[in-house]
Peer 1: 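If you scroll down you'll find the structure; I have some questions about it.
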Amino acid sequence: MKALPELLETGVRDALRHLYGPDASEQEITLQSTRKEFEGEFTVVTFPLTRLAKKKPEVIAEEIGARLKETLEEVKDFNVIKGFLNLVIADRYWMDFLLQSGVREGFGHVAGGKDKVVVEFASPNTNKPLHLGHIRNILLGWSTSKLLEATGHDVVRVQIINNRGIAICKSMLAWQRYGNGAVPEKAGVKADHFVGDYYIKFEQHFQEEYKAWQKSDEAAAILEEKNKKDLSPADFWKGYKNTYFNENSDLGRAAKEMLLRWEDGEPETVALWNRMNDWVYEGFDETYERLGVSFDKNYYESETYLLGKDMIDAGLDKGVFYRKEDGSVFVDLTDAKLDQKAILRADGTSLYITQDLGTARLRYDDFGAKRMVYTVGDEQNYHFQVLFEILKRLEEPYADGLFHLSYGMVDLPTGRMKSREGTVVDADDLMDEVIQEAYQSSLERESTSELSDTERREIIQKIGMAALKFQIIKVGPQKRMIFDPKESVDLQGQTGPYVQNAYVRTRAVWRKAGQRDLSQAAGYTQLEPAERELISLLYAYPGLLNDAAANYDPSMVAMYCYELAKNLHKFWHDVSILGADTEAAVAFRLYLCQAVGNVLKSGMGILGIEMPERM
RNA sequence: GGCUGCGUAGCUCAACUGGAUAGAGCACUUGACUACGAAUCAAGAGGUUUCAGGUUCGAAUCCUGACGCGGUCACCA
């Protein structure tokens, strides 16, 4: 069975040659799918052909249409509206497609054989629990990795855990001072939240200390000396906070000393650091598991933060970098419309970007992948431009396969999430909330009443998570999105549960069908409009996965699943399946339901959304 | 200020990468369960695609400018 787009395109080309002469070989042909308000499945746009044919677009369309209908058995009919030639595909073609290939499980997935690609996502800091922003990152990274896998890539999922630095030291210090030896289990708090609470405790004590200090003589002198812009004292102190932390604060000094002790490898500090990080990892793992994601390898910043220095030397030898008099190393990217960028401090210690150079190399050594995808927010667009440009100049073997999967921040209806204002939406709380909502909603229904409590609980989990995930993934990655927690628990309309419901229907009808002679399906002769619509959508699925993967855009898959579910619901409403006139129709429609169910399950699976058998 | 991204129905988002009368959902109004599952379907209303020019058969999409909102411009991460 030949693929339609290619078939039609060569058909059109032949028609052009036949009608308008040999020049037609060079002509570009625009073929698109027909808008649903018109009859047909494929459309040829004939405006661009006027130069070649020297006729009006409508005439050209008529002539090509007639020719195609004559020469291609796959073209049943055509109609012309202005410069658009709409082609109606023969029922036989659609029916053969469905009965031969559409039912297979795994339809649309490519077996493999394409590049290996490393996908990084999540990459949290270990001083605080995960929040809504991480959820978008994780869902985007995960679904993109699944999408790449479905289109034949060999995918390695990694995260880099930022487990060192001043932030975790704040938590450690606060626990040491105010914790009285408390542990998460006894406190009855999820372990990562437990550690996060000490981070907050540190900030509170720090604020108190800062406020008290502002009344001191030392503070008065500083205000006198440094407030050059004549700000109000309150405004001045607002801007001075960081300097205070670094220069005047006792707590700040203590935290920085702890970081130094950690860097020296002082056993007691390292032990405490290990202990608290282990708590956080434990908490993260729980959250990841609930989200249904996992990693092939974790990188820890504590093990990678010194990497990259050897690449500096190589870059200096190559003349890609240059050393300043004070010993610092820079790269000049002004000819690539970027700036001059420091990549090594004067004291020889590395920077964020040095580390990233090193981990890129490390990953290549670990996996030999020539493609790497970084799922990181768009606030770091510039950083990745610089990083990739440097790797290119260093002529790293994977330099051409780097991609920054950039995504917009998540805002609340009230504006940005601000940890200082306590508006951060916690990941675990949010999941609890959507599942609770799904539970409430299930109480109003009888459809699962004969199932056990465990089964019902599983279903409710799937529904709640589907609502949350779909809500986030359906938005294109680049777009900054507004997330309304109230909407995320919607179970109707353009939502995850709506798609699940379509799937459940395809399963329900099969349960009810009992034993049927399915071979009768081949005897079905004429398609209903809703059936044509469904089959042509199914037909487009493999191409859609390819487009989505090429664009690193899982939202395309989400929109497709919604569209397919919507058409299934309409089909369900319009035609009777088990009550159809002939056994052929019953069998054919059962096949169709199965095919739609398979594709829905496959597509939603790529998004990390599970399909229940009932709901 | 330099660079950069965005601006589409009251709200949240689409628009096959330049194609037809700019589409969905939510909210609002109305109709459909004795039917294979109503977490559904159908209908109504809702728009000068921020504005002004330009490119062409054709622009939400490309170019120029204005306005508005982000991001980023560290020997921080």
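Chain letters run A, B, ... following the sequence lines, proteins first, then strands; residues in each count from 1. These numbers come from a predicted model, not from an experiment.
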Peer 1: Given that Glu379(A) and Val504(A) both sit by RNA chain B, which one's nearest nucleotide is further toward the 5' end?
Peer 2: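 So the residue in question is Val504(A).
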Peer 1: For Ile577(A) and rU40(B), what is the distance between atoms CD1 and P respectively, to the nearest whole Å?
Peer 2: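 Going from CD1 in Ile577(A) over to P in rU40(B) covers 17 Å.
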Peer 1: For rG71(B), take OP1 and OP2 only and decide whether either is under 4.0 Å from a side-chain N or O of Arg416(A).
Peer 2: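 Yes.
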Peer 1: Scan Gly476(A) against the nucleic acid and name what it touches under 4.0 Å (heavy atoms): base, sugar-phosphate only, or nothing.
Peer 2: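 It contacts sugar-phosphate atoms only.
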Peer 1: Lys479(A) has a side chain; which of rC36(B), rA39(B), rC13(B) sits nearest to it?
Peer 2: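 Given the options rC36(B), rA39(B), rC13(B), the side chain of Lys479(A) is closest to rC13(B).
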Peer 1: When the distance from CH2 of Trp572(A) to C1' of rA42(B) is rounded to whole Å, what number comes out?
Peer 2: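 Interatomic distance, CH2 of Trp572(A) to C1' of rA42(B): 18 Å.
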Peer 1: Give one of base, sugar-phosphate or nothing for Arg614(A), where a contact means two heavy atoms less than 4.0 Å apart.
Peer 2: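 Here Arg614(A) touches the bases of the nucleic acid.
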Peer 1: Applying a 4.0 Å non-hydrogen cut-off, can you work out what Leu351(A) is touching in the nucleic acid: base, sugar-phosphate, or nothing?
Peer 2: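 Sugar-phosphate only.
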Peer 1: Using a 4.0 Å heavy-atom cut-off, does Met409(A) contact any base of the nucleic acid, only the sugar-phosphate backbone, or nothing at all?
Peer 2: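 Contact class for Met409(A): none.
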Peer 1: Using atom P of each nucleotide, how far apart are rU61(B) and rA22(B) to the nearest Å?
Peer 2: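 Those two atoms are separated by 14 Å.
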Peer 1: Is Lys570(A) close enough to rA42(B) that one of its side-chain N or O atoms is under 4.0 Å from OP1 or OP2 there?
Peer 2: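 Indeed, a polar side-chain atom of Lys570(A) lies that close.
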Peer 1: Is it true that a side-chain atom of Thr359(A) and a backbone atom of Gln355(A) form a donor plus acceptor pair closer than 3.5 Å?
Peer 2: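 Between the backbone of Gln355(A) and the side chain of Thr359(A) there is a qualifying donor-acceptor contact (under 3.5 Å).
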Peer 1: Dot-bracket for RNA chain B, please, read 5' to 3', with Watson-Crick or G-U wobble pairs under 3.5 Å on both distances, ( ) within the strand, [ ] crossing, | other strand, . unpaired.
Peer 2: (((((((..((((.....[...)))).(((((.......))))).....(((((..]....))))))))))))....
Peer 1: Under 4.0 Å: is that the gap between some side-chain N or O of Arg505(A) and OP1 or OP2 of rA38(B)?
Peer 2: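 For Arg505(A), the contact criterion (side-chain N or O under 4.0 Å from OP1 or OP2 of rA38(B)) is met.
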Peer 1: Starting the side chain at C-beta, find the nucleotide from rU72(B), rC41(B), rA77(B) nearest to Tyr382(A).
Peer 2: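 For the Tyr382(A) side chain, the nearest candidate turns out to be rU72(B).
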Peer 1: Taking the same atom, P, in rG44(B) and in rU12(B), what whole-Å distance lies between them?
Peer 2: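 Result for the P pair: 25 Å, nearest Å.
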Peer 1: Do the charged groups of Arg164(A) and Glu263(A) touch, with an N to O distance under 4.0 Å?
Peer 2: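 Salt bridge present between Arg164(A) and Glu263(A).
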Peer 1: Should rU17(B) be called syn or anti, with syn set as within 90° of 0?
Peer 2: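 Glycosidic conformation of rU17(B): syn.
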Peer 1: Nearest of rA77(B), rA14(B), rC75(B) to any side-chain atom of Asp326(A)?
Peer 2: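 Closest nucleotide among those given: rC75(B).
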Peer 1: Would Arg35(A) and Glu37(A) pass as an ion pair if we require N to O under 4.0 Å?
Peer 2: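 The answer is yes: the pair qualifies as a salt bridge.
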Peer 1: Whole-Å distance between rA77(B) P and Asp356(A) CG?
Peer 2: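 After rounding, the gap between these two atoms is 10 Å.
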Peer 1: Check this for me, if you would: do Glu41(A) and Arg532(A) make a salt bridge, where the nitrogen-to-carboxylate-oxygen distance has to be below 4.0 angstrom?
Peer 2: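 So Glu41(A) pairs with Arg532(A) through a salt bridge.
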Peer 1: Starting from the 5' end of RNA chain B, give me the residue, Gln478(A) or Asn501(A), whose nearest nucleotide shows up first.
Peer 2: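 By nearest-heavy-atom nucleotide position, the 5'-most residue is Gln478(A).
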Peer 1: Quick one: which of Leu132(A), Ile435(A), Val434(A), Thr495(A) gives a side-chain contact (heavy atoms from CB on, under 4.5 Å) with Leu468(A)?
Peer 2: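 Per the side-chain contact (heavy atoms from CB on, under 4.5 Å) rule, the option paired with Leu468(A) is Val434(A), out of Leu132(A), Ile435(A), Val434(A), Thr495(A).
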Peer 1: Across the strands shown, which category fits Tyr352(A) at heavy-atom distances under 4.0 angstrom: base, sugar-phosphate, nothing?
Peer 2: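 Base contact - Tyr352(A) has a heavy atom under 4.0 Å of at least one base atom.
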Peer 1: Spell out protein contact along nucleotides 19-35 of chain B as letters: B when the base is contacted, S when just the sugar-phosphate is, - when no protein heavy atom is under 4.0 Å; keep the 5' to 3' order.
Peer 2: BBS--SSS---------
Peer 1: With the side chain of Tyr498(A) defined as its heavy atoms from C-beta on, choose the nearest nucleotide among rC75(B), rG37(B), rC41(B).
Peer 2: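 Closest nucleotide among those given: rC41(B).
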Peer 1: Any base atoms under 4.0 Å from Val575(A), or only sugar-phosphate, or nothing? Heavy atoms, all strands.
Peer 2: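 Here Val575(A) touches the bases of the nucleic acid.
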Peer 1: Can you measure Leu568(A) atom CG to rG37(B) atom C1' for me and round it to whole angstrom units?
Peer 2: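 The distance from CG of Leu568(A) to C1' of rG37(B) comes to 12 Å, rounded to the nearest Å.
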Peer 1: Please determine if a side-chain N or O atom of Arg345(A) lies less than 4.0 Å away from the OP1 or OP2 oxygen of rA77(B).
Peer 2: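 Answer is yes, contact under 4.0 Å.
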Peer 1: For the pair Phe403(A) and Tyr552(A), name the ring-plane relationship: parallel under 30°, tilted 30 to 60°, perpendicular over 60°.
Peer 2: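 If you compare the ring of Phe403(A) with that of Tyr552(A), the planes turn out parallel.
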Peer 1: Are Glu531(A) and Arg589(A) ion-paired here, with the side-chain N under 4.0 Å from a carboxylate O?
Peer 2: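 Yes.
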Peer 1: Say we look at rC6(B) and rG65(B): how far apart would their P atoms be, to the nearest angstrom?
Peer 2: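 It comes out at 16 Å once rounded to the nearest Å.
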Peer 1: Nearest-Å distance, CD1 (Ile353(A)) to C1' (rA77(B))?
Peer 2: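 Nearest whole value for this atom pair: 11 Å.
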Peer 1: Should the heavy atoms of other residues, nucleotides or ligands under 6.0 Å from OH of Tyr20(A) be counted, would the total exceed 12?
Peer 2: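 Result for OH/Tyr20(A): enclosed.
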Peer 1: Just checking Ile343(A): base, sugar-phosphate only, or nothing, at a heavy-atom cut-off of under 4.0 Å?
Peer 2: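 No contact.
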Peer 1: Would you tell me if any nitrogen or oxygen in the side chain of Tyr560(A) comes within less than 4.0 Å of OP1 or OP2 on rA15(B)?
Peer 2: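 False: Tyr560(A) side-chain N/O out of range (4.0 Å or more) of rA15(B) OP1/OP2.
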Peer 1: Taking rC11(B) as the reference, what is the distance to rG18(B) when you measure between their P atoms (whole Å, please)?
Peer 2: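 Those two atoms are separated by 28 Å.
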Peer 1: Does Asn551(A) contact rU17(B) through a side-chain donor or acceptor facing the base, at a distance under 3.5 Å?
Peer 2: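 Checked by distance alone, the answer is yes.
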Peer 1: Mind checking the C1' distance from rG23(B) to rU4(B)? Whole angstroms is fine.
Peer 2: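 The answer is 30 Å between these two C1' atoms.
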Peer 1: Is a donor on one side and an acceptor on the other found under 3.5 Å between the side chain of Thr349(A) and the backbone of Arg345(A)?
Peer 2: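 Checking the backbone N and O of Arg345(A) against the side chain of Thr349(A), no donor-acceptor pair under 3.5 Å is found.
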Peer 1: Using 4.0 Å as the upper bound for N to carboxylate O, is an ion pair formed by Glu450(A) and Arg456(A)?
Peer 2: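 No, no charged N to carboxylate O under 4.0 Å.
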Peer 1: Could you pull out the protein-nucleic contacts involving nucleotides 62-65 of chain B (nitrogen or oxygen on both sides, under 3.5 Å)?
Peer 2:
none

Peer 1: Can a donor-acceptor pair be found, under 3.5 Å and without considering hydrogens, that links the side chain of Tyr539(A) to the backbone of Leu534(A)?
Peer 2: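 Checking the backbone N and O of Leu534(A) against the side chain of Tyr539(A), no donor-acceptor pair under 3.5 Å is found.
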Peer 1: With respect to the phosphate group of rA39(B), does any side-chain polar atom (N or O) of Arg445(A) fall under 4.0 Å of OP1 or OP2?
Peer 2: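 Checking rA39(B) against Arg445(A), a side-chain N or O does come within under 4.0 Å of OP1 or OP2.
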Peer 1: Could you tell me how far apart Leu344(A) (CG) and rC76(B) (P) are, to the nearest whole angstrom?
Peer 2: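 The answer, rounded to whole Å, is 11 Å.
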Peer 1: Quick one: His569(A) NE2 to rC36(B) P, roughly how many Å, whole number?
Peer 2: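 Checked: the NE2 to P distance equals 17 Å.
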Peer 1: When you measure from the side chain of His134(A) to the backbone N and O of Pro124(A), does any donor-acceptor pair fall under 3.5 Å?
Peer 2: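 Flag not set: sc His134(A) to bb Pro124(A) has no pair under 3.5 Å.
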Peer 1: Would you measure the distance from the C1' atom in rA52(B) across to the matching atom in rC16(B) and give it in whole Å?
Peer 2: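 It comes out at 30 Å once rounded to the nearest Å.
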Peer 1: Considering only NZ, NE, NH1 and NH2 on the basic side and carboxylate oxygens on the acidic side, decide whether Glu203(A) and Lys170(A) come within less than 4.0 Å.
Peer 2: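 Salt bridge: yes.
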Peer 1: Determine whether a donor-acceptor pair (N or O, by modelled atom type, separation under 3.5 Å) exists between the side chain of Asn567(A) and the backbone of Glu563(A).
Peer 2: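 Side chain of Asn567(A) to backbone of Glu563(A): a pair is present.
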Peer 1: When you compare rU49(B) with rC41(B), how far apart are their P atoms, in angstrom units rounded to a whole number?
Peer 2: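 These two P atoms come out 30 Å apart once rounded.
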Peer 1: Under a 4.0 Å N-O cut-off, is there an ion pair linking Arg614(A) with Glu455(A)?
Peer 2: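 Here Arg614(A) does not pair with Glu455(A) in a salt bridge, since their nearest N and O are not under 4.0 Å apart.
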Peer 1: Could you state the CZ-P distance from Arg480(A) to rG5(B), rounded to the nearest angstrom?
Peer 2: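 Roughly 16 Å, once rounded to whole Å.
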Peer 1: Considering only the C1' atoms, how many Å lie between rG47(B) and rA14(B), rounded to the nearest integer?
Peer 2: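 Each nucleotide's C1' atom is 15 Å from the other's.
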